[in-house]
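Please read these numbers as outputs of a predicted model, since none were measured by experiment.
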Amino acid sequence: MNLFDLSGRVAVITGGNGGLGLGMARGLVKAGANVAIWARNEAKNNAAFEELSEIGGGCVLTQLCDVARESDIEEAMRATLDVFGRVDIAFANAGISGAGTRIPDITAEGWNATFAVNTRGPALVYKHVSRHMIERAENGDAGGKLIVTSSGQSIMGVNKSSDYAASKAAVNGLTRGAAFELARYGITANALLFGYYETDITAKANPRFAEWMSQRIPLRRPGDHAGLEGLAVFFASSHSDYITGQCLPVDGGLSIS
C-alpha cells in the first residue's frame with residue numbers, strides 16, 4: 001500500500017518551472033499526480049516539461065502565466081480544466097525577490113511590483129481555483145488544498161527587504177483567512193515559510209548573505225531540494241487534511257535562532 005499515492009489528483013504550481021516550485025513538482029509527479037505548471041518563462045516551462053515527463057507517474061501540462069495579470073490566471077485555469085478536468089491542489093509558489101531598497105528609499109512602483117506578484121498573485125490564484133473547488137463541493141465532491149510559498153522573512157527582519165517581507169506576511173494572513181472561510185467546503189489552506197534555499201532568487205544576492213545565513217541556521221546548511229518532494233506530497237495528500245490555517249517554517253531552525 002502506498003500511503004501517499006496521488007494518482008488521479010491534479011495539482012497546479014505557479015512558478016513551477018524552477019527553484020522551489022520545480023522541486024515540489026518532482027515529488028507530486030512521482031506520487032502520481034497530474035501537474036499543471038503556470039509560469040511566465042516559455043523556455044523554462046519547456047525544460048520543466050521535458051524533465052518531469054521523463055520521471056513518469058503523473059502527466060504534465062505547462063501554461064504561460066504571469067500571476068500579476070488576472071487574465072493570465074483565468075486562461076491558465078481554463079487550459080488546465082480543459083486538459084485535466086479538475087484541480088484538487090494549488091501551490092501558489094510564484095514570487096519575486098523585491099526591489100532590494102532601504103526603507104528610506106522605498107518607491108511606490110517597487111512596492112507595488114513586489115505585491116502584484118507575491119501577494120495579489122496568490123490571492124487571485126486562490127480566487128479562481130477556489131471557485132472551481134466550491135462548485136465541486138456543492139455537487140458532492142468536497143475538498144481541496146491551497147498551499148502558498150511564504151518566507152521566514154515574514155516573521156523576522158532582513159536588511160533591504162521590507163517589501164518582500166511585508167508581501168510574505170500578507171500571504172500568511174491570506175492563509176488564515178482562506179482556511180477559516182473555505183473550511184466549510186473541505187478546503188484547507190496552509191503557508192510554508194521557507195528559509196534559505198539555493199534558487200535563482202538567492203543567486204542574485206550578495207555572496208556574503210549566504211555566508212551569514214549558513215552561520216545563523218542551526219542545521220548549518222541550506223535547505224535541500226530533494227526534501228521538497230516529500231513536503232509537497234504530504235501537503236497535497238489526505239494525510240494533511242486536518243492541518244489548516246498554519247504558517248509552518250521550513251528553515252532548518254533559522255526562525256528560532
key: 4.5 Å side-chain heavy-atom contact, Asn45 and Ile37   = yes

Here the gap from Leu228 atom CG to Met24 atom CE, rounded to the nearest 0.5 Å, amounts to 6.5 Å

Practice task
Answer yes or no: is there a donor N or O on one side and an acceptor on the other, between the side chain of Asp72 and the main chain of Ala68, under 3.5 Å?
Solution key: no

Does Arg40 CZ have over 12 foreign heavy atoms under 6.0 Å away? no

When rounded to the nearest 0.5 Å, the distance separating CG of Asn41 from CG of Asn46 is 9.0 Å

inquiry  = Can a side-chain donor-acceptor contact be found between Asn118 and Thr114 if the only test is distance below 3.5 angstrom?
reply    = no

Does the side chain of Lys168 come within less than 4.5 Å of Gln153's, by heavy atoms? no

Shortest non-hydrogen pair, Asn34 vs Cys59, comes out as OD1-N, 2.8 Å

Worksheet item: Does the side chain of Thr244 reach to within under 4.5 Å of the side chain of Leu182, using non-hydrogen atoms?
Response: no

message = If we ignore hydrogens and angles and just use 3.5 Å, is the side chain of Arg86 paired with the main-chain N or O of Arg9 as donor and acceptor?
response = no

- Do Arg176 and Cys247 pass the side-chain contact (heavy atoms from CB on, under 4.5 Å) test, and can you show the C-alpha distance, the side-chain angles, and the key distance before you say yes or no? CA-CA 8 Å; Arg176 297 184 183 98; Cys247 299; 3.7 Å; yes

Tell me if a side-chain donor or acceptor on Ser53 pairs with a main-chain N or O of Glu50 at a distance below 3.5 Å. no

Note to self: For Lys127 and Glu70: C-alpha separation, side-chain torsions, deciding distance, then whether side-chain contact (heavy atoms from CB on, under 4.5 Å) applies.
What the structure shows: CA-CA 10 Å; Lys127 168 186 173 178; Glu70 185 170 12; 2.7 Å; yes

Does Ile55 belong to the same Ile/Leu/Val/Met/Phe/Trp/Tyr cluster as Ile89, with side-chain heavy atoms less than 4.5 Å apart forming each link?
-> yes

CD1 (Ile96) and OG (Ser167) are apart, to the nearest 0.5 Å, by 8.0 Å

Task: same_hphob_cluster(Leu61, Phe49) at 4.5 Å side-chain heavy-atom cutoff - done: no

_Mutual orientation of the aromatic rings belonging to Tyr197 and Phe194 [parallel < 30°, tilted 30-60°, perpendicular > 60°]_ = perpendicular

- Distance-only side-chain donor-acceptor flag, His225 / Glu198, under 3.5 Å: no

Requested in this report: State, with a plain yes or no, whether a side-chain heavy atom of Leu231 is found less than 4.5 Å away from one of Leu192.
Outcome: yes

- [ ] Check whether the side chains of Trp38 and Thr80 place a donor and an acceptor atom closer than 3.5 Å, and report yes or no.
- [x] yes

Do the side chain of Ser240 and the main chain of Ser237 share a donor and acceptor less than 3.5 angstrom apart?
yes

Leu22 and Ala48 have their tightest heavy-atom pair at CD1-CB, 4.1 Å

Determine, step by step, whether Phe91 and Leu28 satisfy the side-chain contact (heavy atoms from CB on, under 4.5 Å) criterion, reporting the C-alpha distance in whole Å, the side-chain angles of both residues, the deciding distance to 0.1 Å, and the verdict.
-> CA-CA 11 Å; Phe91 284 85; Leu28 297 171; 3.7 Å; yes

message: Would you say CD of Glu74 has more than 12 non-hydrogen atoms from neighbouring residues, nucleotides or ligands within 6.0 angstrom?
response: yes

Please evaluate residues Thr199 and Leu20 with respect to the criterion side-chain contact (heavy atoms from CB on, under 4.5 Å), reporting the C-alpha separation (whole Å), side-chain torsions for both, the decisive distance (0.1 Å), and the verdict. CA-CA 7 Å; Thr199 66; Leu20 302 178; 4.3 Å; yes

Closest non-hydrogen atoms of Val233 and Ala31, given as atom of the first, atom of the second and distance, are CG2-CB, 3.9 Å

(Q) The test is side chain to side chain donor-acceptor pair (under 3.5 Å); show your working for Asn93 and Thr14 and say whether it passes. (A) CA-CA 5 Å; Asn93 169 75; Thr14 66; 5.5 Å; no

**Q.** Side chain to side chain, Ile13 and Val35, heavy atoms closer than 4.5 Å
**A.** yes

task: Give a yes or no on whether the ring-centroid distance for Phe234 and His239 is below 6.0 angstrom.
output: no

Between Asp241 and Lys145, does any side-chain N to carboxylate O distance fall below 4.0 Å?
yes

To the nearest 0.5 Å, atom CD of Glu229 lies from atom CG of Asp224 at 9.5 Å

Closest heavy-atom pair, Asp163 versus Gly110, reported as atoms and distance to 0.1 Å, is OD2-O, 4.0 Å

Scanning both residues in full, the closest heavy-atom pair of Ala169 with Ser154 reads N-CB, 3.5 Å

### Hydrophobic cluster membership, Met77 vs Val12, 4.5 Å side-chain cutoff
yes

- Side-chain donor or acceptor of Arg136 paired with backbone N/O of Val87 under 3.5 Å: yes

Does a side-chain heavy-atom distance below 4.5 Å link Ile73 with Val67? yes

key: Donor-acceptor contact below 3.5 Å, side chain Arg120 vs main chain Val117   = no

The reported gap from CG in Leu146 to OH in Tyr126 (rounded to nearest 0.5 angstrom) is 5.0 Å

One should read off an interatomic distance between Asn112 CG and Thr107 OG1, to the nearest 0.5 angstrom, of 8.0 Å

Q. Would you call Ile243 and Asn190 a side-chain contact if the rule is heavy atoms closer than 4.5 Å?
A. yes

With a 4.5 Å cut-off on side-chain heavy-atom distances among I, L, V, M, F, W and Y, is there a chain of contacts connecting Ile155 to Tyr164?
no

I'd like to know if Glu51 pairs up with Arg26 as an ion pair, taking the criterion as any Lys NZ or Arg NE/NH1/NH2 lying under 4.0 Å from an Asp or Glu carboxylate oxygen. yes

- Query: Do Val83 and Leu64 sit in the same hydrophobic cluster, where Ile, Leu, Val, Met, Phe, Trp and Tyr count as joined when their side-chain heavy atoms come under 4.5 Å apart?
  - Reply: no

Residues Ala191 and Thr175: closest non-hydrogen pair is CB-OG1, 3.5 Å

Could you tell me whether the side chain of Ser255 reaches within less than 4.5 Å of the side chain of Leu193, counting heavy atoms only? no

Exceeds 12 heavy-atom contacts within 6.0 angstrom, atom CG of Asp105 = yes

